[in-house]
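Values below: every heavy atom of this structure, side chains too, minus hydrogens, waters and symmetry copies. All residue numbers refer to positions in the sequence shown, counting from 1. This one's a predicted model, so the numbers in the text were calculated from it and none came from an experiment.
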Amino acid sequence: MLKRFALATLCCIGVLEALAEPLDDRLQRADENKRNDFAAFLDDLGWLEQHQGVMSPAQRDHLRYLMGWKATFSGDYEAAIAELQPLGAVAVDPVIAFRSRITLINALTLNQRFVEGYQQLYLLLEQLEIQTDQGARAQALGVASQLYHLAGQHEEAMRLSTQLLAETELPWARCGALALRYDAAVRAGQLTDVSAELDQDIAACSGAGQAVFAGIMRCNQSQLHLSNGRIQAAIASLEPFDAEIDATRYAYLRAERSVRLANAYLALGDQRAALAHAQNAIEATRPETDPEPLAAAWRLVAEIAEQRGDYEQAHAALKRHSGIARAHADEASRRALAYQMALHRTQLQTLQIEGLNQQNQLLRLNQDVASSAASNARLWTLLLLSALIYALIWGWRSRRMRSHYQQLAQSDSLTGAASRPHFMAEASRQLLKAEARGQSACLVIMDLDFFKSVNDEFGHSVGDAVLQRAIQSCLQSVAMDHLFGRLGGEEFAILIINREPQQAMQLAESLRLTVNEVSFGDESNPRRLAASFGVAMSQDHGYQLANLLIAADTALYAAKRQGRNRVVSAGAAND
């Protein structure tokens, strides 16, 4: 018996020694393949799972990290969080622990647990200074710059991506930083046309096997060609690389590719090809993970249906677009607020540390008082004054931060209108009160006409400035007791309590004329904004906010169908 046990033990030791090096090699290969050859990565992962019984603790930790990375990439965020959260604390290898925390941050934010994600990000960046592993540093800087970009902190995102480019030669890290910089520059209107540098960077990243980042840059390249009227070049930037992009299995990239091609083919007048690409984008995405390309795809479906005269399908597609765009706007607001909240908590922790330092100083002063009777009164006075000053500073900072948060939660940061969550909650409250008091209520929905073309032609920075001017002008025309909110994108709503229906129609017409006064573009060829309005009344549709929104939205679409730049009531739309 003992002899057989000894032989079995020797056999196991032999297997472990034989597999030790291949296991390390296979783990490293899987780590490298995960970004540029997902199919090979899955094959490696399957083989490694079969052999985890003979792995060392460090090897098992590495495998768990790769499993968490796969779950994050595949959209199974709960599984990723469950795998990565404990691993970040207990992994044998500190580098694997650090990388697990990086991927955990990604999973948390993709799962819309934004406050947790940004708090973890601050902790991670504190540890970055002592992290010497080049790959781990690059991964941390890449994730941090991306999350700052998504929170609207573009300058900080650019700073971190520039730092990443300066300190690493790793292809995946450099290509990730380049993709982020080009995307931010296009969205901000800083990059308005294709450059030789962009073409070179796309070729370099594609040649390095970084298909995801090369694909993101190709989408920006296509958008720039399209914005400058080079439709065939826009198609040629993407269509020959369909197989390369599809092989990444990255849903967001595939959807963005399809949306860009749909826009290009629609500009050519090829509705059939445009609709096919828009539908491909819809099939490739999920509302909770890829709202931006999904909303754009439904907008394209609505535009194509309208061109074909199928107004019923156009209305249905436009409603799908509006719902997804509003949800995306909500997510962007929550992400920006989460960033501010995490920053606030970090500042509070800093204040607490400063408070502890103050207490230590007070203790030392107290000791000095005890040892020096002659200066007793003076030191006690200093002690009390220090404590009082610290308490005042703490109270002032806390009140200021609470006020800042409340304003962030209730207001849209760009336009100053109420945020969608605040508008929905406050509108429901006001409608309940109006119904109880027997007061009338009107809901007006305003949507800027062809505003997407402003962003496409002039860039998002110009679009943001134009939108800001238009809404600020509207806010000056709206009474203090009216509730004015941003539903999402270029769509806004006004709730009017205790006014006659005719007064609501007059306000909408006044706002339409106000929007028409906003000009933009070149001085030689100035453009003017236009907006369509839908108005719904409680006397026809009751006091439920959902019913008023549907009625006003239907009236808004009728205004669009009748030629835009007009006001339509829900009653007239149904006639």
Side-chain angles (χ1 to χ4, degrees), residues 35-39 73-75 110 146 149 172 175-176 178-187 191 193-194 198-199 201-228 230-268 270-304 317 321 324-325 328 452 455-456 460:
R35 289 187 180 86
N36 51 30
D37 192 342
F38 197 69
F73 189 84
S74 303
L110 288 168
Q146 177 69 15
H149 179 50
W172 62 265
C175 290
L178 289 168
L180 174 67
R181 291 181 68 182
Y182 282 121
D183 190 61
V186 170
R187 287 175 183 270
L191 182 62
D193 205 350
V194 175
L198 173 58
D199 293 338
D201 287 335
I202 290 173
C205 291
S206 181
Q210 302 302 316
V212 169
F213 299 128
I216 292 170
M217 288 188 280
R218 290 190 201 282
C219 287
N220 284 319
Q221 182 187 47
S222 179
Q223 179 62 46
L224 291 170
H225 279 310
L226 188 61
S227 298
N228 287 279
R230 298 185 293 270
I231 302 172
Q232 292 293 352
I235 295 171
S237 294
L238 286 172
E239 211 161 54
F241 308 99
D242 275 349
E244 179 181 307
I245 290 173
D246 285 337
T248 65
R249 303 192 189 184
Y250 186 26
Y252 178 86
L253 173 58
R254 294 166 67 189
E256 280 286 300
R257 177 269 319 272
S258 296
V259 166
R260 297 287 186 273
L261 289 173
N263 275 308
Y265 277 109
L266 189 59
L268 284 178
D270 189 342
Q271 293 179 353
R272 183 172 173 274
L275 183 59
H277 282 294
Q279 289 172 337
N280 285 342
I282 291 168
E283 291 169 3
T285 58
R286 293 176 294 175
E288 66 273 15
T289 56
D290 307 303
E292 191 172 9
L294 187 58
W298 278 114
R299 184 86 180 225
L300 282 161
V301 171
E303 191 172 345
I304 294 165
H321 156 78
I324 296 165
H328 179 52
K452 182 176 180 295
N455 285 327
D456 290 343
H460 284 266

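- In this structure, CG in L266 is found 5.0 Å from CD1 in I304, a value given to the nearest 0.5 Å.
- Between the side chain of S206 and the main chain of I202, no donor-acceptor pair closer than 3.5 Å is present.
- In this structure, K452 and N263 have side chains that are in contact, with non-hydrogen atoms separated by less than 4.5 Å.
- What you find for F38 and T248 is that their closest heavy atoms are CB-O, 4.3 Å.
- Within the 3.5 Å criterion, the main-chain N or O of R218 finds no donor-acceptor partner in the side chain of S222.
- Taking all atoms of both residues into account, the shortest heavy-atom contact from T285 to P293 is CG2-CG, 4.4 Å.
- Using a 4.5 Å heavy-atom cutoff, the side chains of R254 and N280 are not in contact.
- Of all the heavy atoms in A295 and H321, the pair that sits closest is O-ND1, 2.9 Å.
- With values rounded to the nearest 0.5 angstrom, N220 atom CG is found 10.5 Å from S237 atom OG.
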Q. Passes side chain to side chain contact (heavy atoms under 4.5 Å, CB included), D242 versus R257? Steps please.
A. CA-CA 8 Å; D242 275 349; R257 177 269 319 272; 3.0 Å; yes
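- Interatomic distance, CZ of R260 versus CG of L224, reported as 9.5 Å (0.5 Å rounding).
- For the residue pair E239/Y265, the side-chain donor-acceptor check at 3.5 Å is satisfied.
- By the 4.5 Å heavy-atom criterion applied to side chains, V301 and I282 are counted as neighbours.
- A side chain to side chain contact (heavy atoms under 4.5 Å, CB included) with V212 is found for one member of Y252, Y250, W172 and no other, namely Y250.
- The side-chain heavy atoms of D201 and Q221, taken from C-beta on, include no pair separated by under 4.5 Å.
- At a threshold of 4.5 Å between non-hydrogen side-chain atoms, the residues F213 and L178 do not count as touching.
- Of the candidates V259, L238, L261, C219 forms a side chain to side chain contact (heavy atoms under 4.5 Å, CB included) with just one, namely L238.
- Here the closest heavy-atom approach between residue A264 and residue L226 is recorded as CA-CD1, 4.0 Å.
- Here CG of L294 is found 11.0 Å from CD of E256. Values are rounded to the nearest 0.5 Å.
- The closest side-chain heavy-atom distance from V194 to R230 is below 4.5 Å.
- Atom CD1 of residue I231 and atom CG of residue L268 lie 4.5 Å apart, to the nearest 0.5 angstrom.
- Ion pairing between a basic and an acidic side chain is recognised when a charged N comes within 4.0 Å of a carboxylate O; E303 and R299 show no such pairing.
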